[in-house]
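Let me begin by presenting the structure, written as structure tokens, before commenting on it.
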Number of protein chains: 2
Amino acid sequence: MGVPVPKGSTLDPARTRAAIIQAVTPVLYERGLDGVGVAELCAATGVSKETLYRHFGSKEGLIEAVLRERSERVTRWLRAAAEAAGPDPADQLAAVFDALASWHAEPGFRGCAIVNAATQHHGDPEMGVAASHLDRRLALLTEIAIRAGAADPETLARQWLILVSGCTTVADQHPGTPHAARLARQAALTLLQAARVPSAP
Amino acid sequence: MGVPVPKGSTLDPARTRAAIIQAVTPVLYERGLDGVGVAELCAATGVSKETLYRHFGSKEGLIEAVLRERSERVTRWLRAAAEAAGPDPADQLAAVFDALASWHAEPGFRGCAIVNAATQHHGDPEMGVAASHLDRRLALLTEIAIRAGAADPETLARQWLILVSGCTTVADQHPGTPHAARLARQAALTLLQAARVPSAP
DNA sequence: GTGTTATCGTACCGATCGGTTCGATCTCTG
DNA sequence: CAGAGATCGAACCGATCGGTACGATAACAC
């Protein structure tokens, strides 16, 4: 593909590994974990089967590596979106859902890759990656809920997490609900307002 | 299995068809659409390949029939749970999430079968079935929102739909959030309270 | 130069896939 | 009794699956 891996040991093996992950990620996302064979994944990367198996051991190992990398990248992206909104927690919360909205509008959007993978292979390692992925999202939301002065930030953050997951599924699967992230954003802000500690006036 | 289909034309072909759907549904749900082969589906039903293919034409045809039946059954079940809660819309809303909670607690719970199917086979017919499934859920929630006197019942119902989808995904994939349906129920009721038409006191 | 390492391309493996075919068997209809 | 359907069980089909093996090649370290 774009940068075919040279024949010799010109590049760091780590570089080859990263290139494989990068090339294979969109194919697995678009076609589904079981919808594409190893041969085709090799073709998409421009890498031979032997190289792929030396780096990842198995198709499952490759999938796990892809999902872990994706989880980290998405988490960084969402946190950056929140922090770019300034110090106000309500602004950060709104920014999270705005980021989701722009993601949902991307061509080829197909739901959350990690959640989808856990749905397709309901066992190890996909379920573990999905659980830690949701943990990371929950951690970000909890920080915001705490700084927002919520009476019960843990509960509020979990409700926001449900909105995040729900609007991503609905955006993917229910054309009858356009702008799901916008609806979720409004709901999240309403919940925040209702959860503020009633401070003495 | 339990009631093996007799050799001759003893039973209505429709009866055989229904028996196949019933026997195959849990297997497809537990193992995933691509995780089980046609031979195994036949074994689970006690039916030969020829019979299965005469009734459904292909594995995809069988899957579609299974999903349609499941969607209708789930929809009836959820509506019955709402109506059993009495006339008060808030009670009905709470009952919907209570029903989800008991579903999530069932052993072998693995998320919504229809949503999962659409995730696994992101095309026809699964996406169409999923879209109409969410339509049905939205219709029920919209009725409740209207009777509850919401200022914007369409929007409120769509937010509830997001909570329904989200808590089902989280209940399946995030062990760190137990009782997701209870959290969603509380959020739904908060949104309802905030959305009531401010009537003159 | 020599050896090591990483790679490619291809051929190959056994297993399984979805799907078809066929003769035998059974029951209901007329 | 005779025919029509519906079914079973097993054999069979080509294709594809994940994974392995091998000889050739090219870049590095020494």
Side-chain angles (χ1 to χ4, degrees), chain A residues 1-24 27-28 31-67 117 120-121 123-126, chain B residues 1-24 27-28 31-67 117 120-121 123-126:
Chain A
M1 287 285 143
V3 181
V5 178
K7 280 290 175 65
S9 58
T10 296
L11 289 180
D12 213 344
R15 216 60 74 97
T16 301
R17 189 186 152 97
I20 295 174
I21 290 178
Q22 189 188 3
V24 137
V27 183
L28 284 173
R31 310 262 301 268
L33 305 186
D34 296 327
V36 54
V38 173
E40 196 172 347
L41 293 175
C42 290
T45 320
V47 129
S48 69
K49 274 190 170 189
E50 181 170 355
T51 298
L52 194 150
Y53 277 97
R54 183 158 28 78
H55 278 289
F56 301 99
S58 67
K59 188 186 182 184
E60 270 291 322
L62 171 62
I63 289 172
E64 178 174 357
V66 165
L67 294 178
Q120 292 168 67
H121 291 184
D124 290 326
E126 287 85 354
Chain B
M1 285 287 146
V3 181
V5 178
K7 280 289 174 68
S9 58
T10 297
L11 289 181
D12 214 343
R15 215 62 72 94
T16 300
R17 190 186 150 96
I20 295 175
I21 291 178
Q22 189 189 2
V24 137
V27 182
L28 284 172
R31 311 263 299 269
L33 305 187
D34 296 327
V36 55
V38 174
E40 196 172 349
L41 294 176
C42 290
T45 320
V47 129
S48 70
K49 273 190 169 188
E50 182 169 357
T51 298
L52 194 150
Y53 276 97
R54 183 157 27 78
H55 279 289
F56 301 100
S58 67
K59 187 185 183 184
E60 270 291 322
L62 171 62
I63 289 171
E64 178 174 359
V66 164
L67 294 178
Q120 293 168 68
H121 291 184
D124 289 325
E126 287 85 355

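- The side-chain hydrogen bond (donor to acceptor under 3.5 Å, both in side chains) test applied to B:Gln120 returns no partner, not counting sequence neighbours.
- Annotation: side chain of B:Arg17 is in contact with side chain of B:Phe56 (closest heavy-atom distance under 4.5 Å).
- Between the C1' atom of C:dG18 and the CG atom of B:Asp34 lies a distance of 12 Å, rounded to the nearest Å.
- Set against D:dC8, C:dC8, C:dG18, the side chain of B:Val38 has C:dG18 as its closest nucleotide.
- Taking 4.0 angstrom as the limit, A:Arg54 places a side-chain polar atom (N or O) nearer than this to OP1 or OP2 of C:dT7.
- Residues B:Leu41 and B:Leu28 are in side-chain contact: their nearest non-hydrogen atoms beyond the backbone lie under 4.5 Å apart.
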Donor-acceptor pairs under 3.5 angstrom involving side-chain atoms of residues 31-39 of chain A: please list them, not counting sequence neighbours.
{"unit_1": "A:Arg31", "atom_1": "NH1", "unit_2": "A:Glu40", "atom_2": "OE2", "d": "2.5"}
{"unit_1": "A:Arg31", "atom_1": "NH2", "unit_2": "A:Glu40", "atom_2": "OE1", "d": "3.0"}
{"unit_1": "A:Arg31", "atom_1": "NH2", "unit_2": "A:Glu40", "atom_2": "OE2", "d": "3.0"}
{"unit_1": "A:Asp34", "atom_1": "OD1", "unit_2": "A:His121", "atom_2": "NE2", "d": "2.8"}
{"unit_1": "A:Asp34", "atom_1": "OD2", "unit_2": "A:His121", "atom_2": "NE2", "d": "3.3"}

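- Partners of A:Ser58 under the side-chain hydrogen bond (donor to acceptor under 3.5 Å, both in side chains) rule, at least two apart in sequence or in another chain, do not exist in this structure.
- Atom-to-atom, NE2 of A:His121 to C1' of D:dC17 comes out at 13 Å; the value is rounded to the nearest Å.
- Atom P of nucleotide C:dA6 and atom CD1 of A:Ile20 are separated by 13 Å, given to the nearest angstrom.
- Between B:Thr16 and the phosphate of D:dT7, there is a side-chain N or O to OP1/OP2 separation shorter than 4.0 Å.
- Between A:Glu50 atom CD and D:dG18 atom P there is a gap of 18 Å when expressed in whole angstrom units.
- Atoms CZ (B:Arg15) and P (C:dT27) sit 18 Å apart, rounded to a whole Å.
- In the set D:dT7, C:dT7, C:dT20, the nucleotide with an atom closest to the side chain of B:Lys49 is C:dT20.
- Listed by residue number, the members of residues 56-66 of chain B with any heavy atom below 4.0 angstrom from DNA chain C are B:Ser58, B:Lys59.
- Evaluation of the salt bridge (charged side-chain N to carboxylate O under 4.0 Å, His left out) rule for A:Arg54 yields no partner, not counting sequence neighbours.
- In this structure, the nucleotide among D:dG18, C:dC8, D:dT7 sitting nearest to the side chain of A:Thr51 is C:dC8.
- Residue B:Arg31 contributes atom CZ, which lies 12 Å from atom P of C:dT16 at whole-angstrom precision.
- Nearest to the side-chain atoms of A:Tyr53 among the listed nucleotides D:dG19, D:dG9, C:dG19 stands D:dG19.
- Here A:Glu50 pairs with nothing under the salt bridge (charged side-chain N to carboxylate O under 4.0 Å, His left out) rule; sequence neighbours left out.
- With DNA chain C read from its 5' end, the first of the two nearest nucleotides for A:His55 and B:Glu40 is the one closest to A:His55.
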